[in-house]
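Worksheet: the structure to be examined is printed underneath.
Computed over heavy atoms, backbone and side chain alike; hydrogens, waters and symmetry mates excluded. First listed ligand is number 1; within each ligand, the first listed atom is number 1.
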Amino acid sequence: MAPSIRLGRIFGIEIGANWSLLFIFALIAWTLATTILPLEVKGQSSVAYWSAGVIGAIAFYVGLLAHELAHAITARRNGVKVSGITLWLFGGVSRLDGEPPNARSEALITAVGPLTSLAVALLALLGAFALAAAGVPALVSDLLFWLGWINLSLAVFNLIPAFPLDGGRLLAAVMWGRRGSRAAGVHSAVRVGRVIAYGMIALGLVEVFLGSVLNGIWIAFLGWFLLSAASAEEAGIVTRALLKSVPVSAAMSSPVIVVPDWLTVDSFLTGVAPQHHVTTYPVHGRTGDLTGVVRLRQALTVPPSQRHERRLSELAVPIADVPTASPNEDLEVVLRRAGESLDKRVLVFDGGQLVGIVSPADLSRLLALRQAQGAARP
Ligand SMILES: [Zn+2]
């Protein structure tokens, strides 16, 4: 989940939000202002209800942010790089680069999230009771009471043992400690999570048939979301396990075809590309230095009428933006650096000499081969 709005930094951690957050924000403010608060505290103006609703929605996201910050800060203390926090439709996600060093760290990084929600819940509930006793307007203490209750639900919901919820990660950490490998731990936790997700989908369908359509659809949708998230988590683990201690040289294509960057798109498409099987071409300038990387698909997007004028240098991804690696480097480490989609490709240099390129096609070919070898092993 990539952030689309940058909100700033807290403790050096980048905080972002996805547009989908606005939907839940509006839903919370609307439910508070039109249903929950008018039921609890009667006879207030609609301005008062709506102000309280908006403040409640903001406080909800502050609580969510506290939960994610707890994960992120603990992760950083345990030697895991944190690339940021994204708030979105289903709450928050801390984006961690890499894996915790051991099962204990994983359990700790995970547990602090729900514990923080629990602490926020207790503070809000105590505050609500104290303020009510002190005689402040009921709208204020009621809002605090709602905030406490929602954070308590958040802590409990997050402890459901299904990926990607904290409960699923905790279960994986426990299994990791018991079975000795993270992949094995995640594998068993994912299986438990899958059963729970199917259970939620079934429960949602039953609710729909019993007449509470909206509630049923929501539960089934959450179940479906947990199901697909579990599969994605498992696929990532399998990929990383398959690529562990595989050198870059095993995946790269070579030799590399380097072409001048002043070629027109037309002469590239008619003169160069038909003679080679590769789809990615590094380009060089007049001095011979590499200036960027051009892909066949990019050249094909240039309209035929412009292919005589436009040059490869205009299309190329600048060389400074292209990730590089050395042939003996661990592929898993390089993928973490370059991003698993490999959308910019990876140039492989050996002693300053360009010796190969790694593309998504190279990677999927290698993965398929490794998978076949793994399956053949007794
Ligand atoms: Zn969490």
Trp262: ring-ring contact (aromatic ring centres under 6.0 Å, His included) partners, not counting sequence neighbours
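With sequence neighbours excluded, Trp262 shows a ring-ring contact (aromatic ring centres under 6.0 Å, His included) to His284, given in chain and number order.
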With a 6.0 Å cut-off on ring centres, are Tyr281 and Phe268 close enough?
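Here the rings of Phe268 and Tyr281 have centres that are less than 6.0 Å from each other.
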Assess, by modelled atom type and distance only, whether the side chains of Ser117 and Asn151 contain a donor and an acceptor separated by less than 3.5 Å.
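Their side chains do not contain a donor-acceptor pair, so the 3.5 Å distance test is not met.
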Between Asp261 and Ser313, do the side chains contain an N or O donor and an N or O acceptor separated by less than 3.5 Å?
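Asp261 vs Ser313: no donor-acceptor pair found between side chains.
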At a cut-off of 2.8 Å, what protein N/O/S atoms sit near the Zn ion (ligand 1)?
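Under 2.8 Å from the Zn ion (ligand 1) - ignoring waters, which are not counted - the protein N, O or S atoms are His67 NE2, His71 NE2, Asp166 OD1, Asp166 OD2.
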Counting N and O atoms only, with roles assigned by atom type, does the side chain of Ser212 sit under 3.5 Å from a partner on the main chain of Asn215, one being a donor and the other an acceptor?
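A pair under 3.5 Å: no.
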Charged N to carboxylate O below 4.0 Å: is that the case for Arg6 and Glu14?
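Salt bridge flag = yes for Glu14 with Arg6.
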